[in-house]
Amino acid sequence: MTEAEATPRTGKRVLLAKPRGYCAGVDRAVQTVEEALKLYGAPIYVRKQIVHNKHVVQTLEAQGAIFVEENEEVPEGSTVIFSAHGVAPEVYEQAKARSLKAIDATCPLVTKVHHEAKRFAAEDYDILLIGHEGHEEVIGTAGEAPAHIQLVDGPDGADKVTVRDPEKVVWLSQTTLSVDETLETVARLKQRLPLLQSPPSDDICYATSNRQHVVKEIAADCDVVIVVGSTNSSNSVRLVEVALDAGARAGHLVDFAHEIDDAWLEGATTVGLTSGASVPDDLVQDVLAYLAARGFGDVEEITTANERLTFSLPQELKRDMKAAAARG
Ligand code: SF4
C-alpha cells in the first residue's frame, strides 16, 4: 500500500495544474543530449545548462554530459550542444574556430524570436527586447543585432528607452515572461511610443502562457501554491509570482519535495501544485506523495489546455543518427 492509499480522508486537497512540466522545447533539448550520448559516446559537452533544472542537469551529468560555461572549456574537435535558450551568432563562430562539432538544441520558438530580431534589424528598426537582464535567452537574442536592440527589463524599464525614429520601432520579448507584466510593459512603452509595433506573433511561448493560465484559474482557491522548478528557471519563478498576483495566499518554489517546509501547510486546506516547463513529472509525483503523507490525499487535476506540440531533433543530430543506422 502506498503512502497516499494509507492516508485517511481529511478534507484537505491538492489542485494539480495541467498543463505543467516539460514543454516541447525542453523535451527536445534533453532528448538531444541523451541521443548524442548514445550516438557519439561520453563525454558530450553542453554549453550552459541544457535547460534550467537542477535535477535534469544532474541526471545528464551522471550519463556523461559535461556542462561548461563557454566554448573555450571544450577540448578542440569535441562535440558541444548549445542549450534550449539559444546563443548569439558569435558563439557559433567560436565553436567553428575551435573545430567543435556543434549541435544546436535551441528551442524553435526561441529561434523564431531570433529570426524576428534579424528581420527587423535588417529593416533598420529599433528593437525593444522585453526580458530579464543577464538571462541566457536575452543575451542570445540581443546578440543577433546588438546595434539595434535595447533591453527593457519590466514596466519601469520602459521609461528609460530612447529610439532614433518613433515611427520605426518594434517590441519583441523573451519567451518565458509573465504575460500580464509584459502587457503592462508594452502599455507603458506605448504611452511614450504610440506607433510602437508588436511582434508578428506572440513571443511568449505557448508553454509559458498555458502554465500561467491554469495557475491563475486555481490560485484564488489555494492557501498555498507550490511550484516545482529551479530558481534560475524564468518560467518557474514567474509561476510563483502569477499565483500570488492571482490570489494565492502563499507561493513557494522548490526543486525537490524534501525542500517543502511543513510550516507552509499549517492551517492550509487547499494546496495548488504545478511545475515549470523544464521539470520532469517525477518530481511533481514526489511532491504529491509528500503532501499525501501529510493529509493532502485528495488530488483534483484542473486542466485548461491539452498540449500536443512536439519538435523534431536538431537536423545535424538526425543526419548522424541516420548515417549510423545505415551503417548498422
Ligand atoms: S518554455 Fe517555451 S520557449 Fe522555452 S523551451 Fe519551452 S517551448 Fe521553448
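Both ligands and their constituent atoms are indexed starting at 1 by order of listing. As the structure is a computational prediction, the values presented were derived from the model and not from experiment.
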Novice: Quick one: look up the protein heavy atom nearest atom 8 (Fe) of ligand 1 and list residue, atom name and how far away it is.
Specialist: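 It is C107 SG, 2.3 Å.
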
Novice: So H252 and W264, would you call those rings parallel, tilted or perpendicular, with 30° and 60° as cut-offs?
Specialist: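 Ring orientation, 0 to 90° scale: parallel.
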
Novice: Does R294 qualify as a cation-pi partner of Y290, given the criterion of NZ or CZ under 6.0 Å from the six-membered ring centre and within 45 degrees of its axis?
Specialist: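 Yes, R294 lies over the aromatic ring of Y290.
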
Novice: Using a strict 4.0 Å cut-off to heavy atoms of C205, name the atoms of ligand 1 that fall inside it.
Specialist: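 Those of ligand 1 that fall under 4.0 Å from C205 are 1 (S), 2 (Fe), 3 (S), 7 (S).
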
Novice: Write out the residue and atom name of the closest protein heavy atom to atom 6 (Fe) of ligand 1, then the distance separating them to 0.1 Å.
Specialist: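 Answer, as residue, atom name and distance: C23 SG, 2.2 Å.
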
Novice: Under 4.0 Å from any heavy atom of Y206, which atoms of ligand 1 are there?
Specialist: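 Atoms satisfying the 4.0 Å criterion: 7 (S).
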
Novice: Students should be able to answer this: which protein heavy-atom is nearest to atom 4 (Fe) of ligand 1, and at what distance?
Specialist: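 Looking at atom 4 (Fe) of ligand 1, the protein heavy atom closest to it is T175 OG1, 4.1 Å.
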
Novice: Please determine which of R249, E300, R13 meets the side chain to side chain donor-acceptor pair (under 3.5 Å) test together with T270.
Specialist: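 The residue from R249, E300, R13 that satisfies side chain to side chain donor-acceptor pair (under 3.5 Å) with T270 turns out to be R13.
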
Novice: So, R238 and E241, do they make that salt bridge, N to O below 4.0 Å?
Specialist: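 Here R238 pairs with E241 in a salt bridge, since their nearest N and O are under 4.0 Å apart.
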
Novice: Under a 4.0 Å N-O cut-off, is there an ion pair linking E69 with K48?
Specialist: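 Salt bridge flag = yes for K48 with E69.
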
